[in-house]
Protein chains: 2
Amino acid sequence: MAASPRRVGAETSKTRDVLIDSVERLMSEEGYASVTYRAVAAKAGVTPSLVQYYFPTLDDIFLATIRRRTDRNVTRLTEALEEHPDDPLRVLWQYSWAEATGALITEFMALGNHRKSIRAEIAEVTEKVRRVQLDALERRFAKGVHLPEGELSPGALLLLITGIPKFLNLEEGIGVKTAHGEVVEAFERYLGAAEPRRNIRKRKPPSRSPRR
Amino acid sequence: MAASPRRVGAETSKTRDVLIDSVERLMSEEGYASVTYRAVAAKAGVTPSLVQYYFPTLDDIFLATIRRRTDRNVTRLTEALEEHPDDPLRVLWQYSWAEATGALITEFMALGNHRKSIRAEIAEVTEKVRRVQLDALERRFAKGVHLPEGELSPGALLLLITGIPKFLNLEEGIGVKTAHGEVVEAFERYLGAAEPRRNIRKRKPPSRSPRR
DNA sequence: GTCTATACGGCGATAGAC
DNA sequence: GTCTATCGCCGTATAGAC
């Protein structure tokens with residue numbers, strides 16, 4: 001491979017981690033379009049050149065941010081599933097609400113829609129997480145999920161459990177919330193019937209960051 | 001109101017309509033970030049200044065595009081509901097797939113996440129459409145939707161019917177499609193049970209525009 | 001390994017000429 | 001109704017200081 005004269009900051013740098021903090025706050029508060037070298041630098045109190053030293057392109061900034069975030073998510077999911085091996089439905093429901101809270105995930109999906117590298121990264125981690133989740137579900141409901149009202153394949157139920165919080169969050173992001181409560185109630189009724197255990201859920205807070 | 005010195009092209013202009021065509025194609029093919037005065041102008045074969053004459057700011061471009069699109073959607077939805085007054089579930093299911101096809105709706109949702117004017121416009125039309133849809137559903141299932149397997153409020157069912165296609169489309173946009181078929185099958189089974197009529201659905205094509 | 005200064009072309013937006 | 005000139009901000013490549 002060709003020689004690369006360009007120098008890049010170490011991934012273990014404490015400065016680098018602080019910069020990613022600033023990126024997450026910027027994305028949540030103002031959207032990914034506001035993530036500029038100058039804005040990140042101002043937020044972190046450094047020069048734009050230093051941001052560029054750690055992240056040569058904007059893609060590198062977004063990629064590093066999404067990787068740190070998804071690594072933490074996977075850790076949290078794995079631990080929660082190990083801690084409650086008999087309640088995968090409620091664990092996944094609670095996890096998905098937490099994962100979708102705020103505008104961050106929506107911003108990343110939007111980014112993925114027109115940035116090739118971001119799209120590949122999100123697709124990979126999404127499929128990976130879905131595999132972990134499906135394994136947990138199939139260990140618990142080997143022959144399909146027996147809801148009192150009918151039958152649903154583990155894959156279909158998983159997609160609903162994890163997708164509904166994300167979709168409702170997406171709509172809330174633009175201020176739409178009609179009938180949201182009805183869907184949540186209906187789904188939690190189903191969950192309670194399929195997995196009649198004590199409540200371990202801890203629902204998301206209602207607030208979001210102000211927009212520009 | 002104060003005097004506005006800025007001059008703007010007429011809304012009835014044929015040129016304006018051609019420009020909106022170019023905007024839709026640009027957004028679908030490359031994402032909203034590629035919608036620039038220069039890019040739209042090049043696509044339509046005019047000068048960037050002319051684009052700016054019709055749309056003083058980028059917000060005006062996006063607003064005009066979303067309005068033309070949603071006007072057409074509302075017309076199509078109303079006609080379909082009138083044409084099949086006894087099959088609102090299948091009409092809404094089919095409509096929602098068509099509405100969500102391609103990357104356009106995702107791009108607009110993303111835009112709404114950090115553009116105040118876009119967010120307001122999307123929220124308004126979404127609530128308006130949902131009202132029309134809910135009315136149709138309640139006319140047909142006045143006392144709730146009696147699925148063979150249980151009960152679901154009209155609002156909850158509506159949100160699922162219209163939300164699932166959008167969410168699955170969102171995931172397909174970044175290349176994720178695990179278990180999508182299972183959800184579609186399960187839902188169409190429910191629909192068939194709640195509204196046992198002939199098939200009027202016509203599912204979306206599988207292709208999307210290439211990304212950069 | 002960490003950090004900075006500078007320069008380039010493309011961008012949205014405005015004011016105003018034809 | 002159409003088009004130009006100009007301004008300030010953007011990503012980012014480069015060259016180099018500590």
Side-chain angles (χ1 to χ4, degrees), chain A residues 2-23 26-27 29-65 107 110-111 114-118 211-212, chain B residues 2-20 22-23 26-27 30-66 107 110-111 114-118 212:
Chain A
S4 173
R6 187 75 167 276
R7 295 191 295 166
V8 179
E11 289 202 6
T12 54
S13 161
K14 182 178 172 60
T15 300
R16 202 185 109 113
D17 217 52
V18 170
L19 293 180
I20 297 181
D21 290 340
S22 298
V23 172
L26 257 179
M27 288 187 78
E29 293 164 5
E30 305 189 52
Y32 72 81
S34 294
V35 176
T36 68
Y37 284 114
R38 290 158 179 87
V40 173
K43 198 125 192 161
V46 302
T47 64
S49 294
L50 182 57
V51 180
Q52 205 163 1
Y53 164 62
Y54 284 102
F55 309 103
T57 73
L58 276 192
D59 263 39
D60 296 321
I61 288 188
F62 291 123
L63 234 39
T65 305
E107 296 296 327
L111 262 179
H114 44 257
R115 288 216 185 216
K116 198 172 185 297
S117 62
I118 307 290
R211 318 311 183 85
R212 87 161 92 94
Chain B
S4 173
R6 187 70 169 278
R7 295 189 293 166
V8 179
E11 289 203 6
T12 55
S13 163
K14 184 177 169 59
T15 300
R16 204 186 107 112
D17 217 52
V18 170
L19 293 180
I20 296 181
S22 299
V23 172
L26 258 177
M27 288 188 78
E30 306 188 53
Y32 72 81
S34 294
V35 176
T36 69
Y37 285 116
R38 290 157 179 85
V40 173
K43 199 124 190 161
V46 300
T47 65
S49 297
L50 183 57
V51 180
Q52 215 155 5
Y53 164 62
Y54 284 103
F55 309 102
T57 72
L58 277 192
D59 263 40
D60 296 322
I61 288 188
F62 291 124
L63 235 39
T65 305
I66 199 171
E107 295 297 326
L111 261 179
H114 44 257
R115 290 216 184 215
K116 198 171 184 298
S117 62
I118 307 290
R212 87 163 91 96

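Every chain is numbered from 1 and lettered A, B, ... according to where its sequence line falls, protein lines coming before strand lines.
Sorted by first and then second residue, the salt bridge (charged side-chain N to carboxylate O under 4.0 Å, His left out) pairs with a member in residues 8-20 of chain B read B:D17-B:R68; sequence neighbours excluded. Residue pairs that meet the salt bridge (charged side-chain N to carboxylate O under 4.0 Å, His left out) test with at least one member in residues 42-56 of chain A, sequence neighbours left out, are A:E29-A:K43.
A 4.5 Å side-chain heavy-atom check between A:V18 and A:T15 finds every atom pair outside the cut-off.
A straight line from CD1 of B:I61 to P of C:dG12 spans 8 Å, rounded to a whole angstrom. Taking atom CZ of residue B:F55 and atom P of nucleotide D:dT2, one finds them 13 Å apart after rounding to whole Å.
Residues satisfying the side-chain contact (heavy atoms from CB on, under 4.5 Å) test with A:A39, not counting sequence neighbours, are A:L26, A:T36.
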Expected string for nucleotides 3-11 of chain C under the B/S/- scheme (protein heavy atoms, under 4.0 Å, primed atoms plus P, OP1, OP2 as sugar-phosphate) is BBB-----B
Taking only distance into account, with no hydrogens and no angle test, what donor-acceptor pairs under 3.5 Å do side-chain atoms of residues 54-61 of chain B form with protein atoms, sequence neighbours excluded?
residue, atom, partner, partner atom, Å
B:Y54, OH, B:S13, OG, 2.9
B:T57, OG1, B:D59, N, 3.3
B:T57, OG1, B:D60, N, 3.3
B:T57, OG1, B:D60, OD2, 3.1
B:D59, OD1, B:R115, NH1, 2.3
B:D59, OD2, B:S117, OG, 2.4
B:D60, OD2, B:T57, N, 3.1

